[in-house]
Each structure stands twice: as C-alpha cells, then as structure tokens.
Amino acid sequence: YDIGAHVGFYTLLAAQLVGPGGRVFSFEPLPRNLTYLRQHIDLNHFGNVTVFEAAVGQTAGVGHFSVHAASSMGSLTADGTLTVPIVSLDELSAQGRILPPQILKIDVEGAEADVLRGAQTLLQTHHPTIFLATHGADVHRQCLTLLREFGYTVESLDDRPVDATDEVLARYG
C-alpha cells in the first residue's frame, strides 16, 4: 500500500517490483496529485495498481484537507478548504476492496497515527512491514506506541535514534 501516494514514485516502484501478478493500492486525496499519479501509472502501463481517491484515517467519512503550495505537503485539518473522502484500511479490508498487505508506506503529513489506528486489525492479522514517515514529535510518539502495542519492532531509517528520527521501519515480532 502506498498511503500518501503523491504523484506515484513509490507506487511505480512497487508496481514494478510486484510484477503483473501482484497488486499495489495507492491512496491520495489531492486532485492535482491524482492527475499526475494516474498519468504516471498509464505511461508505465501498470495494470496492477488500484488508486483510491481518498485520505486514509481511523474511520471512514469525510474530512477537510488543507492544500499547501508544495503538492507533497497538504494535510487533513479542521479548517481545510478542500473536502475529501476518508477511508479506513480495516474497513476496506473487511469489505474485500483491498488485499492483505505485505508492505505499507505511510507518509501522510501528520495523520500517521490515525492511519495506524484505522488499520489495527489488518496489522495484527497480516503483519506487513511498514515504512513510516512521521510529521511532528507528538505524532511520532503516538505511532511508536501504537506499533509496539501491535507487536512491532521499530528501527530508524537514518543514523538517529528511533525516538529522534522521523522515518522508521517497523517489522512484526
């Protein structure tokens, strides 16, 4: 799963790696990014990608998205000017709309803990490897706590300690 797909760099990489027999699920709420994401998928002839035009959160619904000048930095906020659908990974899984994941990439500009909360059953059942970029010290602490509660071991993806970095790799066990 590419959660916070932006224009598709990780989606394209994953689509190539899993091959025609694999599936990639990409989640992106911002219309201008979705245009490029779909173009990149089409230009590369990847038929193994499903795009969800939505933000990912704890529960399904509707949210407000603040659009930032930098297309990679928009986020869900109470006062956002763009209304976007929100999906929960557990709910999509229960509905059979997504396959169990092997890998999750999560980069959602501050909503990372909500993504994890909305995927608790999926994570505890299927134990995917998680690449996680957090945005803010409080969100980072929440994510580390949740991952550890779900049985994950967390390590830094750079030279900093896990508590001081903002990019982590989480593996079950």
>> For a side-chain contact (heavy atoms from CB on, under 4.5 Å) check, start with the C-alpha distance between Val18 and Arg23, then their side-chain angles and the critical distance, and finish with the verdict.
In response: CA-CA 7 Å; Val18 302; Arg23 296 293 309 156; over 6 Å; no

> Are any non-hydrogen side-chain atoms of Arg160 and Asp166 less than 4.5 angstrom apart?
Replying inline: yes

>> Looking at every heavy atom in both Asn48 and Gly19, which two are closest together, and how far apart are they?
In response: ND2-O, 2.8 Å

>> Quick check on the hydrophobic clustering: are Ile41 and Phe52 connected, directly or via other members, by side-chain heavy-atom contacts under 4.5 Å?
In response: no

> Would you say Ile130 and Val168 are hydrophobically clustered, going by side-chain heavy atoms of ILVMFWY under 4.5 Å?
Replying inline: yes

>> Measuring from atom CD1 of Ile106 to atom OH of Tyr1, what distance do you get when rounded to the nearest 0.5 angstrom?
In response: 11.0 Å

>> With clusters defined by side-chain heavy atoms of hydrophobic residues (ILVMFWY) lying less than 4.5 Å apart, directly or transitively, does Ile98 cluster with Val108?
In response: yes

> What are the two closest heavy atoms between Arg97 and Gln95, and how far apart are they?
Replying inline: CD-OE1, 3.1 Å

> How would you list all residue pairs meeting side chain to side chain donor-acceptor pair (under 3.5 Å) that involve residues 144-155, not counting sequence neighbours?
Replying inline: Glu155-Arg171

> Where is the tightest heavy-atom contact between Pro85 and Glu53, given as atom of each residue plus distance?
Replying inline: CG-O, 3.2 Å

> Could you state the interatomic distance from NE2 (His126) to CG (Leu104), rounded to the nearest 0.5 Å?
Replying inline: 11.0 Å

> Would Ile3 end up clustered with Leu144 when hydrophobic side chains under 4.5 Å apart are linked, directly or stepwise?
Replying inline: yes

> If you take all heavy atoms of Ser26 and Ala5, which pair is closest and at what distance?
Replying inline: CB-CB, 4.0 Å

> Do Val49 and Leu37 touch side chain to side chain, with heavy atoms closer than 4.5 Å?
Replying inline: no

>> Please report the interatomic distance OG1(Thr121) to CD(Gln124), rounded to the nearest 0.5 Å.
In response: 6.5 Å

>> Could you walk me through whether Leu92 and Val56 satisfy the side-chain contact (heavy atoms from CB on, under 4.5 Å) test, starting with their C-alpha distance in whole Å, then the side-chain angles of each, then the deciding distance to 0.1 Å, before giving a yes or no?
In response: CA-CA 10 Å; Leu92 289 176; Val56 179; over 6 Å; no

>> Could you walk me through whether Leu147 and Leu116 satisfy the side-chain contact (heavy atoms from CB on, under 4.5 Å) test, starting with their C-alpha distance in whole Å, then the side-chain angles of each, then the deciding distance to 0.1 Å, before giving a yes or no?
In response: CA-CA 8 Å; Leu147 288 167; Leu116 294 174; 4.0 Å; yes

> Would a distance-only check, ignoring hydrogens and angles, find a side-chain to backbone donor-acceptor pair under 3.5 Å from Lys105 to Gly4?
Replying inline: yes

>> Are more than 12 heavy atoms, taken from residues, nucleotides or ligands other than Tyr10, located less than 6.0 Å from that residue's OH atom?
In response: no

>> Run the ring-ring contact (aromatic ring centres under 6.0 Å, His included) test against His40 and tell me which residues pass, sequence neighbours left out.
In response: none

> Can you name the nearest heavy-atom pair linking Glu91 to Ala60, along with the distance?
Replying inline: OE1-CB, 2.9 Å

>> Quick check for you: to the nearest 0.5 Å, what is the distance between His140 atom NE2 and Thr165 atom OG1?
In response: 6.5 Å

> Where the side chain of Asp90 meets the backbone of Gln120, is there a donor-acceptor pair that is under 3.5 Å apart?
Replying inline: yes

> For the residue pair Ala55 and Val84, what are the closest heavy atoms and their distance?
Replying inline: CB-CG2, 4.4 Å

> Do Phe131 and Leu169 touch side chain to side chain, with heavy atoms closer than 4.5 Å?
Replying inline: yes

>> As an exercise, state the distance from CG of Asn44 to CD of Gln39, rounded to the nearest 0.5 Å.
In response: 11.5 Å

>> Check this for me: Asp158, atom CG, are more than 12 non-hydrogen atoms of other residues, nucleotides or ligands nearer than 6.0 Å?
In response: yes

>> Name the residue from Asp2, Leu89, Thr11, Ile86 that meets the side chain to side chain contact (heavy atoms under 4.5 Å, CB included) definition with Phe27.
In response: Leu89

> With sequence neighbours left out, what residues match Arg117 under side chain to side chain contact (heavy atoms under 4.5 Å, CB included)?
Replying inline: Gln58, Ala113, Asp114, Gln142, Leu146

> Could you give the distance from OG (Ser88) to CG (Leu122), rounded to the nearest 0.5 Å?
Replying inline: 9.0 Å

>> Any carboxylate oxygen within less than 4.0 angstrom of a Lys/Arg side-chain nitrogen, looking at Arg38 and Glu28?
In response: no

> Is the closest side-chain donor-acceptor distance between Asp107 and His135 under 3.5 Å?
Replying inline: yes

> What do you reckon, is CZ of Phe150 surrounded by more than 12 foreign heavy atoms closer than 6.0 Å?
Replying inline: yes

>> Count I, L, V, M, F, W, Y as connected when their side-chain heavy atoms are under 4.5 Å apart, and connections chain through other members. Are Tyr36 and Val24 then in the same cluster?
In response: no

>> Tell me whether the count of non-hydrogen atoms from other residues, nucleotides or ligands lying under 6.0 Å of CD in Gln16 goes above 12.
In response: no

> Could you go step by step and tell me if Val115 and Leu132 meet the side-chain contact (heavy atoms from CB on, under 4.5 Å) rule?
Replying inline: CA-CA 11 Å; Val115 170; Leu132 175 68; over 6 Å; no

